[in-house]
Student: 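Take this structure first; my questions come after.
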Amino acid sequence: MTTATASTTTKTSKKTANVDIPEEQPSWLRSWDPDQRWLHPYIAGSWLWSVSWVPEISHLSPWWMTAAGAGSTLIARWAATRRAPADVFGISHTNQIRSLATACGAAATGWLTWAGLTSPLNPPVVGSLLLGTLLGGGLYAGWRSAGPGRQRATTTAQAVAEEVELRSEWSHILTSAGIKGMVVIDRANNRAGYTLTLENRGDGTVTVDQITSAVKPIAAAASRALAHTGAVIGPRGIRAEETEWAHRILLHVTTLDVLKASIPYEPRTRPASIADRIDIGLYDVGDPVELVLAQTHAKIVGASRKGKSVLLTTIMGRLLECEDVLLWVGGTQKLIPLVYSWLLPWITGATRRPILDYVAGEDIRHVLMMLADMYTAAKERASLLTTETKLIASHRLPAIVGLIDEASGVLTRPETIEVDGKQKTASELVCDICQIGGAVNVTLLLATQFGLYDSFGTFGSEIHRNLQLRIALQTLSDSDGRNTLIGMDSIDTTKLKNKSMLIQPDIDDPRALPAKAYHLEGATLVEPRSRACTPHVAYLDSFTRDRLRFYAGRWSAERQTTLITAIKGERLPVPDLAAAARACEGDSTTTINDRFNEIIEMEGIDTVNTDQTPTPADDDAPKFGDSSKPIGAGIEEFEANMKRINEQMGAVWRIAQPLLGVAEALSMPNAPKGDTFVPTGQLAIVTDRVAADAPDAEVAAAAVALGRDLNRQCPALKSVQVSRDGKQVRGYTVDRLWDAIHWVAYGKPMPDADE
């Protein structure tokens, strides 16, 4: 039975290797996708002919069909009205479909009675049915075709009518609130309501300050006038904003408070750059708050428990998602709650390095050391400026962002530290950093509960002049808000609710926009972000690191007593702080080669064991060290390509493990460069595929596995090479590895070494 079935062929298929292959259909048939709605009249005609047999089969009087048809006509008229409501399609279109349903119903009723009195098979009866179906189908097709256009026209007309009515209502609202001569010329909807563009007419003397001072009367008048529309306008639901045209003013109308509920933090799916606009929350109109944090000093003021900690954690999260930023955190008060969740993966051993590069406090001496290092970093990097006026942050020369929490408690302290041959307080150091740091990507975020100038110490006035980004949450007094937000004397930050804030992105543009930060708080949310971001965090460049006085010892037990006490209080083992310093490459005496050579005695050669089966080496494999056959594109070219790829499409982040781990290892300070030969076993150690103190057999096995994985990712990357003396060695030159990263970033196959 099976054999007979298998050997059977049909007209619609060909038999090839016991597989049925359907014959290819014509192109017009494959692309034909008819609209089933055009079959509705013909389906109705078929049902009508089927119903006409009822009197003959059941021996009922044909006149019963007249009553049934009349009832069906009424039902069809009702259904047509439901399917084409006048408020959607217009009254004309609705009347047409009603008339069509009535006419077709009456014709069908007469035809059913005629068919019952004669016979459904009578040729004139059948012919009239076909003719009626064609005529009715044509009218039905015309109605369906005209429907979308009439619906759009009706919707447009309704929108225009509503717009005219709304503009008229707002003219009356503004007039009743004492604002005369303003007309609404445009409306733009948003997630929180809509924004009206007002234009001066009449004498044209209304200013944005006048409207700002009248926002409460405007809100009261609008709430009363628009209540019939269902709009809910609260006492702070109106906000005025100036435009580039002096005679035009924006009026933001909030009917839905998007700042009332928490806004979830959405992690980035790939590393970003501090040069990008970084979103930290939503404005009251529902648009994302996108700030420029590169080369920008910032001030954040807010009372205790009013959302400042959540905002700081959110900003830290966005900065730590960048591959070209190092975050230094210091403070003499409340430091541990701010940093502990970020350090938890390192404390528990989930990561080999802390994600925060520098933590200083709560001893004022240690905070002064961090500020002194920031000042030194800014001063030394300034010497790199030649024809350029600003340095561009990169993974090799990362930006340093210093976050000082409860800054007033630091900057008002009298303690000093020697810098440049003189004793300087924290206030003077911060002033110096603010003056020179922006151009070289050494910036400060100063968070405090107080906005007064003297809360930043003796240099408070000079510091404030260089804080371009200002953010005010709910404050203890309205003077804290006025001294924070430039040109916003009418703002009362004590009235802010729901942990919302006012953001002034640039003090040169005196405006303050209501917003709320994303919710990122507590170990449950922060710890996973820390684990995810740690692998791509940058290392401090050797140029800067070698010139800092206190950086190398920042993770010493003597300077981390507050953190150690907190860890012990949680009954967790204290991590190896010396290892943390090495993992962060903090000690200038520790290089990547030192870590390689912990188990590798022969520098530059990793001979393949005879009991392993090596990947066959090509006869034409390059002889390492032979200058006549240069290998790879070089680190400088890779950096230029990586920058261009990132700018164009971010393609470099298509690089996955294990090649991404290799790129990270080779980006460390003092990593081998150029045509230096790196054994695969050494790569396995620094990419954490095997422990540094593992037995030789485990290291060899990890080397074989890593070579195999790299070859799968980049087939031209051969794990077994031929040394100058003819030996087979397992490893790569640094240039060859960078070359592989370069080609994988472009998504193209890498040429063989001899091409």
Side-chain angles (χ1 to χ4, degrees), residues 87 158-202 205-243 247-263 281-287 289 306-307 472-474 478 481 485 488-503 511-516:
D87 59 342
Q158 289 175 343
V160 170
E162 291 174 358
E163 189 77 15
V164 171
E165 182 181 2
L166 183 66
R167 293 184 182 185
S168 176
E169 285 182 324
W170 270 103
S171 295
H172 291 300
I173 290 170
L174 293 171
T175 301
S176 65
I179 305 298
K180 299 179 180 180
M182 300 295 291
V183 297
V184 179
I185 63 171
D186 189 27
R187 180 184 69 165
N189 295 325
N190 53 57
R191 291 172 57 182
Y194 50 88
T195 298
L196 302 174
T197 301
L198 309 180
E199 185 171 271
N200 262 302
R201 300 284 171 88
T205 59
V206 179
T207 65
V208 68
D209 292 333
Q210 289 177 269
I211 297 181
T212 298
S213 62
V215 291
K216 288 187 177 180
I218 294 173
S223 179
R224 180 177 60 253
L226 302 178
H228 69 281
T229 66
V232 178
I233 300 177
R236 287 178 293 277
I238 304 296
R239 178 170 60 86
E241 181 183 351
E242 64 182 8
T243 68
H247 68 292
R248 290 182 180 175
I249 299 170
L250 298 181
L251 194 69
H252 301 285
V253 182
T254 300
T255 59
L256 176 64
D257 189 358
V258 299
L259 306 183
K260 188 173 183 179
S262 295
I263 307 171
L282 294 181
Y283 287 116
D284 61 341
V285 296
D287 296 332
V289 178
K306 299 304 180 183
L473 296 102
Q474 185 177 351
D478 56 359
L485 304 172
M488 297 286 109
D489 294 338
S490 60
I491 294 295
D492 187 355
T493 51
T494 64
K495 301 293 182 64
L496 293 175
K497 303 295 182 182
N498 303 317
K499 297 184 178 180
S500 62
M501 56 188 172
L502 292 174
I503 297 180
R511 57 177 182 154
L513 307 177
K516 187 172 184 176

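In this chain, residues are counted from 1 in sequence order.
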Student: For Ala221, which residues count as a side-chain contact (heavy atoms from CB on, under 4.5 Å) partner, sequence neighbours excluded?
Tutor: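 For Ala221, the residues satisfying side-chain contact (heavy atoms from CB on, under 4.5 Å) (neighbours in sequence not counted) are Ile173, Ser176, Arg224.
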Student: Which residue is it: His252, Arg239, Lys516? I am looking for the one with a side chain to side chain donor-acceptor pair (under 3.5 Å) to Asp284.
Tutor: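 Testing each of His252, Arg239, Lys516 against Asp284, the sole residue satisfying side chain to side chain donor-acceptor pair (under 3.5 Å) is Arg239.
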Student: With sequence neighbours excluded, tell me which residues meet side chain to side chain donor-acceptor pair (under 3.5 Å) with Asn190.
Tutor: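 Per chain and number, Asn190 pairs via side chain to side chain donor-acceptor pair (under 3.5 Å) with Thr195.
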Student: Going by the rule side-chain contact (heavy atoms from CB on, under 4.5 Å), which residues pair with Thr175 if we only count those two or more places apart in sequence or in a different chain?
Tutor: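 Thr175 satisfies side-chain contact (heavy atoms from CB on, under 4.5 Å) with Lys180 once adjacent residues are dropped.
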Student: Listed by chain and number, what are the side chain to side chain donor-acceptor pair (under 3.5 Å) partners of Asp492, not counting sequence neighbours?
Tutor: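 Residues passing side chain to side chain donor-acceptor pair (under 3.5 Å) with Asp492: Thr494.
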Student: In residues 212-219, what donor-acceptor pairs under 3.5 Å come from side-chain atoms, sequence neighbours left out?
Tutor:
unit_1, atom_1, unit_2, atom_2, d
Thr212, OG1, Val208, O, 2.8
Ser213, OG, Asp209, O, 3.2
Ser213, OG, Gln210, O, 2.7

Student: For Thr254, check side chain to side chain donor-acceptor pair (under 3.5 Å) against everything at least two apart and list the hits.
Tutor: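 Partners of Thr254 under the side chain to side chain donor-acceptor pair (under 3.5 Å) test: none.
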Student: Who are the salt bridge (charged side-chain N to carboxylate O under 4.0 Å, His left out) partners of Glu199, not counting sequence neighbours?
Tutor: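 In terms of salt bridge (charged side-chain N to carboxylate O under 4.0 Å, His left out), with neighbours along the sequence ignored, Glu199 is linked to Arg201, Arg248.
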Student: Under the rule for side-chain contact (heavy atoms from CB on, under 4.5 Å), what residues qualify as partners of Arg511, not counting sequence neighbours?
Tutor: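 If we apply the side-chain contact (heavy atoms from CB on, under 4.5 Å) test to Arg511, skipping adjacent residues, the hits are Glu241, Asp509, Leu513.
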Student: Only counting residues at least two apart or in another chain, list the ones meeting side chain to side chain donor-acceptor pair (under 3.5 Å) with Arg236.
Tutor: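 So Arg236 forms no side chain to side chain donor-acceptor pair (under 3.5 Å) with any residue.
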Student: Holding to salt bridge (charged side-chain N to carboxylate O under 4.0 Å, His left out), I want the full list of residues that pass it with Asp478, two or more places apart in sequence or in another chain.
Tutor: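 Salt bridge (charged side-chain N to carboxylate O under 4.0 Å, His left out) check on Asp478 returns Arg482.
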Student: Of all residues at least two apart in sequence or in a different chain, which pass the side-chain contact (heavy atoms from CB on, under 4.5 Å) check with Ser171?
Tutor: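 Not a single residue meets the side-chain contact (heavy atoms from CB on, under 4.5 Å) criterion with Ser171.
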Student: Tell me, please, which residues at least two apart from His247 pass ring pair (Phe, Tyr, Trp, His ring centres under 6.0 Å).
Tutor: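 Listed in chain order: Trp245.
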